[in-house]
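So the structure is just underneath, and the comments pick up after that.
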Amino acid sequence: MIAKIGKGNNMYGAILYNQQKVETENGAVLLLNKIPDTMNGRYSVAYFNKCFEPYLSANIKTDKTVRHISLNPDPKDKVSDEQFTEMAHEYMERMGYSNQPYIVFKHTDIDRTHIHIVSTCVGIDGKKIPDDYDHPRSMAICRDLEQRYNMKKATEQEQKQANKVFKPVSHKNGDIKSQIASVVRYLPKHYSFSSMGSYNALLSLFNITAEEVKGERNGQPVNGLVYVALDENGNKASNPFKASLFGKDAGVAQLQKHFEQSKEKMKTTPIRSVLKNTIELAIHTTNNEIEFKKQLTEQGINTVVRRNNEGRIYGMTFIDHEGRTVWNGSQLDRNLSANVFNDWWNNGNKPELKTQDSLVSKPNTIDNQPKDLFEFISQEHSHSSDLGLFSLLPDAQGENYEEDQFANRIKKKKQKGRRL
């Protein structure tokens with residue numbers, strides 16, 4: 001089992017992310033500690049957030065007050081709700097949080113069932129709960145829990161892989177071929193995308209673009225692919241590299257198979273409805289493109305906008321790092337197409353969407369919340385951002401957005417003069 005500890009300061013965003021799973025029947029609340037039950041046994045984001053207010057208001061000088069922890073068993077482990085509850089209780093007690101309010105959520109929207117724990121490191125007296133050596137202590141607790149519940153042990157190699165970070169290509173650092181290889185060899189194994197456009201949207205986060213090369217050789221049609229590094233402005237910054245240099249998964253034939261497999265998988269995945277609701281919520285509660293992108297990145301979603309030379313938006317792609325899926329807006333809903341966003345951001349006609357009341361709650365409540373959840377991803381898609389992307393683990397132990405993006409979060413660096 002691998003535990004990841006996310007530290008941030010947006011309590012509302014952390015609760016919202018988890019409660020959406022419950023609302024869409026892809027999650028459940030397993031345990032409440034120091035949080036009163038409601039009369040009808042139902043909970044809202046606003047209610048949970050209010051339960052943390054006395055602690056957050058008492059804060060004296062702690063910066064990152066929110067703790068968002070995930071406990072991730074091996075996919076082969078079969079863990080009951082009762083066992084998850086017992087493990088969460090012991091984990092939090094040994095980490096020093098037994099007297100803190102916390103919520104334990106179970107997530108079931110991907111193959112590997114796991115839990116998330118939302119809490120605060122600020123005590124009711126306003127002082128910070130000590131977190132010195134919290135990662136070594138967390139690992140020791142996980143080893144004990146593995147033994148007690150007869151779970152598969154996370155090996156040292158898996159731990160190293162869990163902490164591995166893949167960074168975007170930097171044309172200034174040299175050895176561009178190796179930099180590109182470290183990305184393109186792994187993305188198709190971990191993300192679903194159904195077209196070359198979607199693939200390129202994902203690659204753009206790593207400052208890479210892929211181009212198809214068509215022609216004839218000895219009278220036979222040739223259909224190949226080359227990869228090129230991009231600079232901070234999105235311009236080509238290297239010579240093209242043949243896909244064959246990076247293995248068969250990076251080539252046209254294998255990618256075409258991947259597109260078809262992804263189309264079938266994405267037709268039925270529950271991730272689609274969660275993502276659609278999250279995007280509609282962002283439309284409902286933001287006023288412009290910058291706010292919209294920022295709110296989505298707080299939920300682990302990159303927005304890639306494609307514009308022509310006149311500035312018209314002709315493409316919208318959403319990269320969901322939780323479900324490891326890449327979507328065109330029109331794939332999710334016709335109300336999320338490029339034309340809708342062009343009409344909003346270029347013409348000032350904000351779309352009026354019907355959003356789920358349970359997820360929206362009170363719009364002004366959301367607007368008043370801190371906006372920087374966990375800094376696991378760049379604020380918005382930008383070729384000038386130097387972001388270290390979350391781990392891409394080969395065998396999925398602790399591998400998904402929720403673990404790696406919240407805890408092995410994308411460690412964005414700050415440009416001089418502005419925050420990314």
Side-chain angles (χ1 to χ4, degrees), residues 160-193 195-213 224-252 254-255 258 293 297 300-307 315 317-321 324-326 375-394 399 401 404-405 408-416 418-420:
K160 289 180 180 178
Q161 289 173 332
N163 293 317
K164 190 173 183 179
V165 176
F166 290 85
K167 296 181 179 180
V169 169
S170 173
H171 68 283
K172 298 177 182 179
N173 292 343
D175 198 9
I176 294 176
K177 175 184 171 183
S178 294
Q179 291 187 65
I180 294 177
S182 68
V183 175
V184 302
R185 287 175 178 171
Y186 296 100
L187 289 187
K189 297 178 181 179
H190 299 280
Y191 280 82
S192 294
F193 41 84
S195 68
M196 186 61 70
S198 296
Y199 183 41
N200 260 320
L202 179 59
L203 286 174
S204 70
L205 300 183
F206 297 86
N207 295 340
I208 302 171
T209 188
E211 296 181 346
E212 289 190 83
V213 179
L225 196 68
V226 296
Y227 291 88
V228 183
L230 304 175
D231 64 16
E232 58 273 10
N233 297 314
N235 300 316
K236 295 179 181 179
S238 77
N239 293 323
F241 295 89
K242 293 181 180 180
S244 58
L245 295 172
F246 309 120
K248 67 176 183 179
D249 287 344
V252 171
Q254 195 65 24
L255 283 172
H258 185 79
K293 289 181 176 179
T297 58
I301 301 163
N302 272 122
T303 305
V304 179
V305 182
R306 296 183 294 282
R307 289 180 167 89
T317 303
F318 299 98
I319 301 172
D320 178 9
H321 296 292
R324 300 283 174 97
T325 50
V326 184
E375 297 177 342
F376 53 81
I377 201 165
S378 66
Q379 178 177 330
E380 62 180 275
H381 163 67
S382 170
H383 289 291
S384 62
S385 64
D386 182 13
L387 46 99
L389 288 176
F390 50 87
S391 66
L392 303 174
L393 308 185
E399 166 205 342
Y401 156 85
D404 297 323
Q405 281 82 335
N408 259 352
R409 54 196 180 278
I410 293 178
K411 297 179 179 177
K412 64 181 181 182
K413 297 181 181 178
K414 298 180 179 179
Q415 284 184 308
K416 293 182 178 179
R418 73 178 181 93
R419 180 185 178 191
L420 291 178

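If you're wondering where the values come from, they're calculated on a predicted model, not measured in any experiment.
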Item to check | Any donor-acceptor N or O pair under 3.5 Å, side chains H321, Y191 | outcome: yes
Checklist entry - Between I176 and A237, which heavy-atom pair has the shortest distance, and what is it? => result CD1-O, 4.2 Å
Item to check | Polar side-chain atom of N233 near backbone of N235 as donor-acceptor pair, under 3.5 Å | outcome: no
Checklist entry - Taking atom CG of L255 and atom CG of L187, what is their separation to the nearest 0.5 Å? => result 10.0 Å
Checklist entry - Roughly how far apart are L202 CG and H190 NE2, rounded to 0.5 Å? => result 11.5 Å
Checklist outcome for this item: Note: N207 and P168 closest approach over all heavy atoms is ND2-CB, 3.8 Å
Checklist outcome for this item: Taken to the nearest 0.5 Å, the spacing of R185 CZ from D249 CG works out to 10.5 Å
Checklist outcome for this item: Note: S198 and V326 closest approach over all heavy atoms is O-CG1, 3.5 Å
Checklist entry - Going from OG1 on T317 to CZ on R306, what distance comes out if it is rounded to the nearest 0.5 angstrom? => result 3.5 Å
Next on the checklist: Tell me the closest heavy-atom pair linking S238 and V228, and the distance in Å.
Outcome noted: O-CG1, 3.5 Å
Checklist entry - Under a 4.5 Å cut-off applied to non-hydrogen side-chain atoms, are E212 and V226 in contact? => result no
Checklist entry - Are I301 and I319 close enough, and set up right, to give a side chain to side chain contact (heavy atoms under 4.5 Å, CB included), and what steps lead you there? => result CA-CA 5 Å; I301 301 163; I319 301 172; 5.9 Å; no
Next on the checklist: So which atom in V169 and which in A229 form the shortest heavy-atom distance, rounded to 0.1 Å?
Outcome noted: CG1-CB, 3.8 Å
Checklist entry - Do the non-hydrogen side-chain atoms of Y199 and V184 ever get within less than 4.5 Å of each other? => result yes
Item to check | Heavy-atom side-chain contact between K177 and L245 under 4.5 Å | outcome: yes
Next on the checklist: Quick one, F206 and Q179 - any side-chain contact, counting heavy atoms below 4.5 Å?
Outcome noted: no
Checklist entry - With a 4.5 Å limit on heavy-atom distance, are the side chains of K172 and E232 in contact? => result yes
Checklist entry - Given the rule in the side chain to side chain contact (heavy atoms under 4.5 Å, CB included) test, do E211 and N200 qualify, once you have shown the distances and angles that lead to the verdict? => result CA-CA 9 Å; E211 296 181 346; N200 260 320; over 6 Å; no
Checklist entry - What's the spacing between D320 CG and N302 CG if we round to 0.5 Å? => result 10.0 Å
Next on the checklist: Taking the ring of Y227 and the ring of F241, is the distance between their centroids below 6.0 Å?
Outcome noted: no
Checklist entry - Which heavy-atom pair separates A250 from A243 by the least distance, and what is that distance? => result O-CB, 3.4 Å
Next on the checklist: Rounded to the nearest 0.5 Å, what separates atom CG in L230 from atom OG in S204?
Outcome noted: 8.0 Å
